[in-house]
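Written below as C-alpha cells is the structure these notes are about.
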Number of protein chains: 2
Amino acid sequence: MVNYKKDDLDQVFSVLADSTRRAIIKELSKGENTVKKMAAAYDMSLPGFTKHLKIMENAGLVSFRKVGKYKYYYLQPKGIDYATEWLNELSSYWKSQLTSLEKYLLENKEEDNDDHDE
Amino acid sequence: MVNYKKDDLDQVFSVLADSTRRAIIKELSKGENTVKKMAAAYDMSLPGFTKHLKIMENAGLVSFRKVGKYKYYYLQPKGIDYATEWLNELSSYWKSQLTSLEKYLLENKEEDNDDHDE
DNA sequence: TTTATAGTTAACCATATGGTTTACTGTAAT
DNA sequence: ATTACAGTAAACCATATGGTTAACTATAAA
C-alpha cells in the first residue's frame, strides 16, 4: 500500500459503505437539517457525528449553508449520481452481454426474496 | 468502535469503494475468468489479488466454479442490484421531494460547477 | 516420478477508519 | 457581562484494510 490514493468514486462509495452515513443521506433526502438535530438520532458523540459529515462533504455528497450558529446541511446529488451512473453503466453493459437463455432466467427469477431493507 | 459490524449493504459498497475491485467487476461483466488471467492486469502480488476476490465473494458479488486447478470467477449480479436499488430508491424519493422550482433547476443545470457556498 | 502451474494460507506491516474525551471558538440569549 | 448553545479541533485508541513475502496444497504435464 505504498502509494494508495482514493479517487472520486472511491470516496463516494466509501461514504455509502457506512450505515450511519447512508442514514444521514436518507435523512437529508427529506430536506436540509442542522448538525445537532440530526446527531440526536445516533448513539454517538457529537464530534464522532461531525466527522461523518466532513467525510461526506469531502466526497461531494453534501454541502451546507451557515445561519448564525447553525449549519444547515443538504444533499449534493451530483456525487450520488456519479455512483448511480457507474452502476447503471455496468448493469446495462452486463445485460447486453447475456445470452438469451440467461436473459430468460433473469426475467423469471422471482424467488430471491431475501430482506433487502434497512 | 466497540461493537461495529458490517451489514450486507456495507459490504457491497465497500467492495465498490476500491478501484481494483471495480475494475475486476468490469472485467467479469464481460464473462467469467480465472484468477491468474485477471491478476496479470494488476501491479499486485497474487495473494494480494486473491484477497480482493475473497472480499467480493463474501459480499456476494462474485462466485466461482472450479475446473481442475482453475477457478473461474463470474459476476453474481444480485449483490450489485442490491446497491443499485438502494441508490435508485433514494433518488426517486429525493426527486419526489423537490419543489417545482428545484425540479426546473435540476432539468436545466448543464453547468453547475460553482461551490454552493462555504 | 518429477516438475510446473494455479491458487491459498499465514504471518507480518503501515496506514486508514470509526470512535472517544477534553478543550476550544463563535454566536445567541439573559 | 455572563451564560448557554452549536459546532470544531486535537489527541488518542482499537480494529480494519490493503498490501507484502514465504511456505504450502492440489492438479496437470514431462
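Quick note: numbers below take in every heavy atom, side chains included, and nothing from hydrogens, waters or symmetry partners. Letters A, B, ... are given to chains in the order of the sequence lines, protein chains preceding strands, and every chain is numbered from 1.
The distance from atom CG of A/Asp7 to atom P of C/dA16 is 15 Å, rounded to the nearest whole Å. As rounded to whole Å, 8 Å separates atom P of C/dT20 from atom CG of A/Asp43. Between A/Asn58 atom CG and D/dT8 atom P the separation is 12 Å, expressed in whole Å. Atom OH of A/Tyr70 is separated from atom P of C/dT25 by 21 Å (rounded to the nearest Å). Atom pair B/Phe13:CZ and D/dT17:P shows a separation of 16 Å (rounding to whole Å applied). D/dG18 atom C1' lies 12 Å from atom CG of A/Asp10, rounded to whole Å. Remark: P of D/dT25 and NZ of B/Lys66 are 14 Å apart, rounded to the nearest angstrom. Atom P of nucleotide C/dA6 and atom CZ of B/Arg65 are separated by 16 Å, given to the nearest angstrom.
The shortest distance between side-chain heavy atoms of A/Val15 and A/Ile25 falls below 4.5 Å. Side-chain contact between A/Leu87 and B/Asn88: absent, with no pair of heavy atoms (C-beta onward) separated by less than 4.5 Å. Between A/Ile80 and A/Val12 there is no side-chain heavy-atom pair separated by less than 4.5 Å. Using a 4.5 Å heavy-atom cutoff, the side chains of B/Arg22 and A/Leu90 are not in contact.
A distance of 11.0 Å separates CD in B/Glu85 from NZ in B/Lys78, rounded to the nearest 0.5 Å. Note that the NZ atom of A/Lys37 and the OH atom of A/Tyr72 stand 6.5 Å from one another [nearest 0.5 Å]. Note that the CD1 atom of B/Ile24 and the OG atom of B/Ser29 stand 12.5 Å from one another [nearest 0.5 Å]. The structure places OG1 of A/Thr50 at 11.0 Å from CD of A/Glu57, a figure rounded to the nearest 0.5 Å.
Taking the six-membered ring where tryptophan is involved, the planes of A/Trp86 and A/Phe13 are perpendicular, since the angle between them exceeds 60° and thus also 30°.
Using a 4.0 Å cut-off, no side-chain N or O of B/Ser45 falls inside it from OP1 or OP2 of D/dG19. Phosphate contact (OP1/OP2 of D/dG18, side-chain N/O of A/Lys6, threshold under 4.0 Å): absent.
When each of C/dT21, C/dT5, C/dT27 is scored by its nearest atom to the side-chain atoms of B/Lys69, the top-ranked nucleotide is C/dT5.
Near-neighbour residues of DNA chain D inside residues 46-57 of chain B, defined by a heavy atom below 4.0 Å, number-ordered: B/Pro47, B/Gly48, B/Lys51, B/His52, B/Ile55. Residues from residues 33-40 of chain B that place a heavy atom under 4.0 Å from any atom of DNA chain D: there are none.
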